[in-house]
2 protein chains.
Amino acid sequence: MEKVERMGAQQPRPVALVGGRVRLIDQTRLPQELSFVDLHSPEEVWQAIAHLKVRGAPAIGMAAAYGLYVGLAKQSFGDSAELGRELESIASYLQTARPTAVNLAWAMNRLRRCFLSHRQEDVQSIKDALRDDALAIQREDETACGQMGEHLLTLMHDGMGVLTHCNAGALATSQYGTALAGLYAAHERGWRVKVFADETRPVLQGARLTAWELQRAGVDVTLICDNMAATVMAQKKVHAVMVGADRIAANGDTANKIGTLNLAVLASHFHIPFYVVAPQSTIDPDTARGPDIPIEERAGEEVVQWQGIRLAPEGISVYNPAFDVTPHELVTAIITERRIWHPPFAFSGTGGG
Amino acid sequence: MEKVERMGAQQPRPVALVGGRVRLIDQTRLPQELSFVDLHSPEEVWQAIAHLKVRGAPAIGMAAAYGLYVGLAKQSFGDSAELGRELESIASYLQTARPTAVNLAWAMNRLRRCFLSHRQEDVQSIKDALRDDALAIQREDETACGQMGEHLLTLMHDGMGVLTHCNAGALATSQYGTALAGLYAAHERGWRVKVFADETRPVLQGARLTAWELQRAGVDVTLICDNMAATVMAQKKVHAVMVGADRIAANGDTANKIGTLNLAVLASHFHIPFYVVAPQSTIDPDTARGPDIPIEERAGEEVVQWQGIRLAPEGISVYNPAFDVTPHELVTAIITERRIWHPPFAFSGTGGG
């Protein structure tokens with residue numbers, strides 16, 4: 001596949017391994033400020049993931065992989081077995097930072113396998129191998145996002161309108177993004193694509209992150225509130241919905257940011273294709289169906305206040321699930337780096353569809 | 001119909017005529033503060049309506065009726081014709097404060113008719129008649145809301161879950177509310193009703209107003225973000241959706257707060273009844289179909305900042321329609337003070353269904 005330099009490549013990387021530290025864009029400070037934080041330990045990485053300084057399923061996986069390496073690199077070990085025990089301890093800990101995105105467990109499992117295949121080597125060689133594998137996760141994600149963009153292009157046309165939710169862009173991945181990869185690719189070709197970005201309450205990833213990165217890249221983006229999606233669809237301004245995913249079950253049921261199910265139902269009603277875009281690693285063949293996916297419920301404070309300003313009365317009950325599950329019947333296609341998967345979906349351990 | 005003292009009756013009145021002034025709850029300051037403002041002129045009333053200090057279709061109509069009376073009361077007129085010209089001038093002006101809610105024009109037209117039927121009287125008598133008619137609008141609305149509550153009860157059951165949007169409660173009407181009237185009535189009977197209140201971006205009437213007034217009344221209310229509606233429906237926690245209306249066309253197409261169409265589509269998908277609750281005066285037989293209803297588009301600033309805090313990047317394009325139109329096919333029933341109207345809807349000038 002031809003290598004195209006995407007507009008998304010101009011975006012700063014949300015996650016990087018720099019000088020033995022994990023460097024993140026602090027996404028809680030966008031769009032006011034593009035600032036970076038350096039994390040020196042698995043504990044700091046755990047906090048950054050739990051508090052959404054880094055978010056987006058692929059980016060979380062990368063941050064955790066680097067966090068695991070950083071935690072091991074600064075310690076001395078008598079032998080590889082000792083390193084292996086510490087690796088297991090840190091990996092298990094990092095996996096608890098957030099429950100829904102499977103990429104977190106996937107990245108930890110990948111480094112577990114890396115250790116196993118290098119366990120006969122000396123401690124420093126194992127550390128080097130883990131570092132290289134963590135870096136490879138990011139490099140492969142970058143390639144994968146580019147390939148998702150190419151696949152998406154085959155589903156797109158010049159002049160189309162696309163609705164997206166949350167942030168499945170450069171800030172959620174290595175670069176380019178998943179759901180936004182096609183938009184960057186289309187923009188690069190000079191296609192006029194009109195994007196509607198749901199603001200995505202309560203954390204406003206659409207308003208703060210997607211609007212910010214698409215605006216930076218020069219893509220035509222219009223911000224709407226989540227509850228305006230039906231209106232722009234009824235006005236025939238939307239020709240496709242493109243969203244990311246945090247976990248895709250074997251049958252195609254998809255967990256993604258809360259509000260995705262709303263869009264899938266609306267898209268079905270208005271006869272608009274609904275595309276889920278994610279790396280192959282987001283498919284979890286060990287999870288049979290959507291109801292088996294653990295859904296993170298976050299603190300009600302996210303809903304009732306914004307930077308200290310109350311938005312609702314004190315003491316009000318709040319329900320704040322961070323994700324919802326879209327049943328496979330509402331998914332038109334799932335786009336990964338490998339191919340476009342059409343229904344019926346039946347993903348196995350080897351990725352068969 | 002038996003007069004029941006509703007929990008909603010404990011709510012402070014959002015609009016009142018007090019000592020020749022229009023007294024409003026400043027709804028922009030809720031839930032932080034329950035504060036009142038006194039308005040002395042039609043200009044002040046116009047500003048209060050445009051800037052959402054008072055909102056909700058019935059409450060807007062009342063505020064405008066009082067504003068018209070206050071504007072006339074403080075002036076001297078040589079004869080009734082002179083008063084009539086000024087009445088027309090103020091009424092036309094007040095009607096421009098917001099375009100979608102038909103109750104505003106309805107209230108102005110009612111006072112125009114009141115003037116015509118009293119034009120032979122002296123100036124003071126005409127002023128008195130206008131005051132009495134403006135007060136009657138509020139009194140009749142209170143009765144109407146109580147009757148809507150009684151009709152709604154016949155569609156409800158103990159233990160049910162109800163999803164509502166925006167604020168169609170005591171704060172939007174004289175008292176009791178429209179969509180919330182049934183909840184107050186059920187609560188009064190000791191039924192356990194679990195309410196899910198959409199926060200209702202961008203102005204958060206659900207979070208700031210509905211949550212506040214239901215909590216005050218002791219009704220079990222849980223706040224959700226607009227994009228969580230599909231999830232609580234999928235979880236079978238919602239047995240009916242109840243919303244207000246700003247204008248109902250002759251064919252039943254209904255304009256209401258942005259996000260209502262989303263809910264109607266979701267309710268249809270999840271086989272949940274979708275009820276529109278409004279006074280008969282919200283039905284506009286002169287508007288044939290939904291697409292004929294003027295939809296107010298408000299400033300993007302409402303979406304991109306909250307009390308001075310930026311929520312999205314500077315310079316971002318925003319689409320901010322304040323209302324949407326739900327086609328009649330998605331409406332299970334329309335509940336007014338007169339009766340429960342079932343499809344097919346065909347409202348005429350005499351209110352026939």
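The sequence lines fix the lettering, A, B, ..., with proteins before strands; numbering per chain opens at 1.
In this structure, Glu302(A) and Cys225(B) have side chains that are not in contact, with every pair of non-hydrogen atoms separated by 4.5 Å or more.
Residue Glu213(A) does not touch chain B at all, counting heavy-atom pairs closer than 4.5 Å. Looking at Val325(A), neither its backbone nor its side chain comes within 4.5 Å of chain B, counting heavy atoms on both sides. Neither the backbone nor the side chain of Ala197(A) comes within less than 4.5 Å of any heavy atom in chain B.
For the atom pair CZ (Arg201(A)) and CD (Glu199(B)), the distance works out to 4.0 Å, reported to the nearest 0.5 Å. Atoms CD and CZ, on Gln307(A) and Arg310(B) in that order, are 12.5 Å from each other to the nearest 0.5 Å. Interatomic distance, CD1 of Ile224(A) versus CG of Asn320(B), reported as 10.5 Å (0.5 Å rounding). The distance from the CD1 atom of Ile316(B) to the OG1 atom of Thr210(A) is 10.0 Å, given to the nearest 0.5 Å. Ser317(B) contributes atom OG, which lies 11.5 Å from atom CG of Leu214(A) (distance to the nearest 0.5 angstrom).
Of all residues in residues 253-272 of chain A, those placing a non-hydrogen atom less than 4.5 angstrom from a non-hydrogen atom of chain B are Ile258(A), Gly259(A), Leu261(A), Asn262(A), Val265(A), Leu266(A), His269(A), Phe270(A).
Listed here is the closest heavy atom pair of Asp226(A) and Asn227(B): OD2-ND2, 3.2 Å. In plain terms, the two heavy atoms of Ala312(A) and Leu223(B) that are nearest each other are CB-CD2, 3.7 Å. Here the closest heavy-atom approach between residue Pro202(A) and residue Met228(B) is recorded as CD-CE, 4.1 Å. Taking every heavy atom of both residues into account, Pro313(B) and Pro31(A) meet most closely at N-CG, 3.6 Å. Across all their heavy atoms, Tyr319(B) and Gln235(A) have their closest contact at OH-NE2, 2.8 Å.
Between chain B and the residues Thr231(A), Ile295(A), Leu311(A), the most heavy-atom pairs under 4.5 angstrom are made by Leu311(A).
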